[in-house]
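Any value given below was found using the heavy atoms of this structure, including those in side chains, with hydrogens, waters and symmetry copies removed. Start at 1 and go down the list; that is how both ligands and their atoms are numbered.
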Amino acid sequence: MFKLKVQDYFSSAHYLKDYKGPCEKIHGHNWKVELIVEGSELNSLDILIDFAILKKILKEVLFELDHKLLNEIPYFENINPSSERLAEYIFKKVKEKLSSYPNVKVKEVTVFETEKAGATYYE
Ligand SMILES: Nc1nc2c(c(=O)[nH]1)N=C([C@H](O)[C@H](O)COP(=O)(O)OP(=O)(O)OP(=O)(O)O)CN2
Ligand SMILES: [Zn+2]
């Protein structure tokens, strides 16, 4: 098996409804996102999938989150845009976009709020 990793960033604001503390108020993060995919079948170039394709897909997904108030995005209408939920959202969006690459499976997505704290979603 092979695992590939790409990382990218986005900047946005959010708040955590009902959180008892400062995060209940609107504040921003420069989020770091790590996408990991896996597969066993390499193509004729001996690659699983071009990093360029993975980076493009991740960038497209993050573009929808960049410079937004995340709580206003319909997906987060009834749930908090926590790191956990953001990782879940990004995982599902990337999975959709990778559906035409049957040899590539989304393994996990990790969203870091800060250098010290992050959440991972996987299925
Ligand atoms: N499990 C989670 N816990 C928290 C989340 C989250 O998404 N998942 N989010 C927050 C808030 O977004 C908050 O912005 C984070 O605040 P904090 O951890 O205090 O981060 P700081 O940047 O202030 O870092 P310090 O290390 O405390 O200086 C809270 N929890
Ligand atoms: Zn926050």
Side-chain angles (χ1 to χ4, degrees):
M1 290 292 280
F2 300 94
K3 278 203 290 192
L4 273 57
K5 298 179 188 184
V6 293
Q7 298 178 347
D8 206 342
Y9 298 84
F10 69 99
S11 303
S12 64
H14 78 159
Y15 59 89
L16 299 182
K17 192 168 172 290
D18 297 332
Y19 185 96
K20 299 301 171 217
C23 304
E24 194 179 12
K25 296 185 181 150
I26 292 180
H27 60 279
H29 295 283
N30 294 314
W31 311 82
K32 177 176 144 184
V33 179
E34 180 174 86
L35 164 67
I36 301 180
V37 302
E38 69 174 7
S40 56
E41 288 174 35
L42 303 186
N43 66 17
S44 60
L45 300 173
D46 296 297
I47 65 175
L48 183 67
I49 183 172
D50 196 325
F51 284 131
I53 294 171
L54 288 181
K55 287 189 278 185
K56 180 171 178 287
I57 287 174
L58 183 58
K59 200 165 274 308
E60 285 170 2
V61 172
L62 300 189
F63 179 77
E64 300 299 322
L65 305 173
D66 196 37
H67 287 79
K68 300 269 170 65
L69 174 55
L70 299 174
N71 303 72
E72 292 179 348
I73 293 174
Y75 185 87
F76 301 108
E77 194 178 335
N78 297 311
I79 56 175
N80 270 325
S82 60
S83 295
E84 289 88 333
R85 290 298 192 186
L86 280 165
E88 178 184 49
Y89 169 92
I90 295 165
F91 185 105
K92 289 177 187 303
K93 294 286 182 182
V94 170
K95 190 176 171 182
E96 276 172 31
K97 287 178 181 281
L98 276 175
S99 59
S100 52
Y101 297 89
N103 61 321
V104 181
K105 183 175 176 285
V106 185
K107 175 85 172 155
E108 58 185 58
V109 168
T110 302
V111 171
F112 294 90
E113 294 204 336
T114 66
E115 281 184 11
K116 295 181 283 183
T120 298
Y121 179 81
Y122 60 97
E123 294 180 342

State whether any protein heavy atom lies less than 4.0 Å from atom 23 (O) of ligand 1. no

Atom 1 (N) of ligand 1: which protein heavy atom is closest, and how many Å away? Glu84 OE2, 2.7 Å

Any carboxylate oxygen within less than 4.0 angstrom of a Lys/Arg side-chain nitrogen, looking at Lys97 and Glu60? yes

Under 4.0 Å from a heavy atom of Thr114: which atoms of ligand 1 are those, numbered in the order shown and with their elements? 22 (O)

Nearest non-hydrogen protein atom to atom 4 (C) of ligand 1, with distance, is Leu16 CD1, 4.5 Å

Are side-chain heavy atoms of Ser99 and Lys95 found at a separation under 4.5 Å? no

Atom 8 (N) of ligand 1 protein-contacted, heavy-atom criterion under 4.0 angstrom: yes

Which N, O or S atoms belonging to the protein are less than 2.8 Å from the Zn ion (ligand 2)? His14 NE2, His27 NE2, His29 NE2

Rounded at 0.5 Å granularity, tell me how far CZ in Phe91 sits from CD in Glu123. 4.0 Å

Per-atom contacts, ligand 1 versus His29 - under 4.0 Å to a heavy atom: 12 (O), 14 (O)

Show me which atoms of ligand 1 lie under 4.0 Å from any heavy atom of Ser83. 6 (C), 7 (O)

Does the Lys NZ or Arg CZ of Lys25 fall within the cation-pi geometry relative to Tyr15 - under 6.0 Å from the ring centre and within 45° of the axis? no

Please identify which atoms of ligand 1 are closer than 4.0 Å to at least one heavy atom of His14. 12 (O)

Between Phe76 and Tyr89, ring centroids under 6.0 Å: yes

Judging by distance only, is a nitrogen or oxygen of Ser82 under 3.5 angstrom from one on ligand 1? no

Going by an N to O cut-off under 4.0 Å, is there a salt bridge joining Lys68 and Glu72? no

For atom 19 (O) of ligand 1, the closest protein heavy atom turns out to be Cys23 SG, 4.8 Å

Of all pairs that satisfy salt bridge (charged side-chain N to carboxylate O under 4.0 Å, His left out), the ones with a partner from residues 40-50, not counting sequence neighbours: none

